[in-house]
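Each chain gets a letter, A, B and so on, in the order its sequence line appears, and its residues count up from 1.
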There are 2 protein chains.
Amino acid sequence: MEPHEPDLAAVPVTAVLAALADDVRLQIVRALAEGGEHACGTFEFGVSKATRSHHLKVLREAGLTRTRAAGTSRYVRLRRDELDRLYPGLLDAVLTPRPPA
Amino acid sequence: MEPHEPDLAAVPVTAVLAALADDVRLQIVRALAEGGEHACGTFEFGVSKATRSHHLKVLREAGLTRTRAAGTSRYVRLRRDELDRLYPGLLDAVLTPRPPA
DNA sequence: GAGGATGTTCGACGATTGTCGAACAAGGGT
DNA sequence: ACCCTTGTTCGACAATCGTCGAACATCCTC
């Protein structure tokens with residue numbers, strides 16, 4: 001079963017925004033924005049693993065993440081360079097906790 | 001009945017993104033980004049006026065627009081300065097038709 | 001005041017979404 | 001071989017969402 005990771009340019013903007021427009025997924029993206037790879041199981045945001053798997057699928061199919069399988073684990077990472085190139089400023093605007101100014 | 005235009009900083013990021021994550025609303029925002037005020041009726045995007053009214057309400061309550069009543073018409077404008085200050089890069093990232101590079 | 005234009009609100013509807021537990025699949029360790 | 005760990009998939013469910021027509025409210029102009 002292929003990971004189904006689309007070309008980011010082929011994903012409608014609304015789909016990218018919709019993927020970001022969820023609290024759990026935004027927490028995942030924030031964690032991923034720290035850099036590097038994260039195992040799926042490291043995301044503990046008060047949802048079941050079925051729900052977590054669902055959210056990761058949404059992010060992947062929106063072109064926001066890439067997933068690599070290794071053993072029983074799966075490692076997820078943010079497609080930050082592509083996102084910054086296609087939507088400059090989007091991630092920064094969305095990821096900052098709260099602009100104080 | 002007050003227009004119900006919240007302080008943008010009080011609106012959850014996910015609500016802002018959700019407001020943007022719809023095709024009709026994105027078209028409205030693109031039109032508004034041209035600048036100035038637009039009467040509600042000028043948005044002709046293939047939906048009924050009930051639906052259009054609904055979308056404008058979503059945008060307004062997400063803190064994206066301001067509405068001014070004048071006669072039987074209502075004039076809408078984008079809260080661009082506030083958006084750019086709180087979410088720098090968001091609008092630009094989302095509004096550009098398609099980054100060619 | 002009657003009539004028309006511009007919007008909003010009110011159900012109603014079908015579709016999508018977020019959530020879960022349970023079942024399933026695949027690897028690793030003992 | 002067995003079991004445990006890690007994730008995915010499969011219904012199912014309640015909630016939300018986008019859409020519409022119809023009714024309503026407001027204002028403007030005869």
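One can place CZ of B:Phe43 at 14 Å from C1' of C:dT6, the figure rounded to the nearest angstrom. Here the C1' atom of nucleotide C:dT6 and the CG atom of B:Leu56 are 13 Å apart, to the nearest Å. The interatomic distance linking B:Tyr75 (OH) with C:dA5 (P) rounds to 16 Å, in whole Å. With rounding to whole Å, A:Glu37 atom CD is found 12 Å from D:dG7 atom P. The interatomic distance linking B:Glu61 (CD) with D:dC17 (P) rounds to 11 Å, in whole Å. If you measure from atom CD1 of B:Ile28 to atom P of C:dG7, you get 12 Å, rounded to the nearest angstrom.
In this model, the phosphate group of D:dT6 is not approached by any side-chain N or O of A:Arg74 to a distance below 4.0 Å at OP1 or OP2. Phosphate contact (OP1/OP2 of C:dT6, side-chain N/O of B:Thr72, threshold under 4.0 Å): absent.
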Return the polar atom pairs (N/O with N/O) between nucleotides 16-21 of chain C and the protein under 3.5 Å, or none.
from: C:dG18; atom 1: OP1; to: A:Arg25; atom 2: NH2; distance (Å): 3.0
from: C:dG18; atom 1: OP2; to: A:Arg25; atom 2: NH1; distance (Å): 3.4
from: C:dT19; atom 1: OP2; to: A:His55; atom 2: NE2; distance (Å): 2.3
from: C:dC20; atom 1: OP2; to: A:Ser48; atom 2: N; distance (Å): 2.8
from: C:dC20; atom 1: OP2; to: A:Ser48; atom 2: OG; distance (Å): 3.3
from: C:dC20; atom 1: OP2; to: A:Thr51; atom 2: OG1; distance (Å): 2.8

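Cluster annotation: B:Val58 and A:Leu20 are assigned to distinct hydrophobic clusters (Ile/Leu/Val/Met/Phe/Trp/Tyr, side-chain heavy-atom contacts under 4.5 Å, transitive). The hydrophobic cluster containing B:Leu32 does not contain B:Tyr75, counting ILVMFWY residues as joined when their side-chain heavy atoms lie under 4.5 angstrom apart, directly or transitively.
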*asked:* Could you walk me through whether B:Arg85 and B:Glu82 satisfy the salt bridge (Lys or Arg N to Asp or Glu O under 4.0 Å) test, starting with their C-alpha distance in whole Å, then the side-chain angles of each, then the deciding distance to 0.1 Å, before giving a yes or no?
replied: CA-CA 5 Å; B:Arg85 189 158 37 81; B:Glu82 302 171 65; 5.1 Å; no
*Trace of the side-chain contact (heavy atoms from CB on, under 4.5 Å) decision for A:Val16 with A:Tyr87*: CA-CA 10 Å; A:Val16 175; A:Tyr87 300 109; 4.3 Å; yes
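Nucleic acid contact class of A:Ser73 (heavy atoms, under 4.0 Å, all strands): sugar-phosphate only. Residue contacts shown for B:Ala69 are absent, as no nucleic acid heavy atom lies under 4.0 Å away.
With salt bridges taken as basic N to acidic carboxylate O contacts below 4.0 Å, one links B:Arg66 and B:Glu5.
Across B:Val94, B:Leu83, B:Val24, B:Leu91, a single residue satisfies side chain to side chain contact (heavy atoms under 4.5 Å, CB included) together with B:Val29, and that is B:Leu91.
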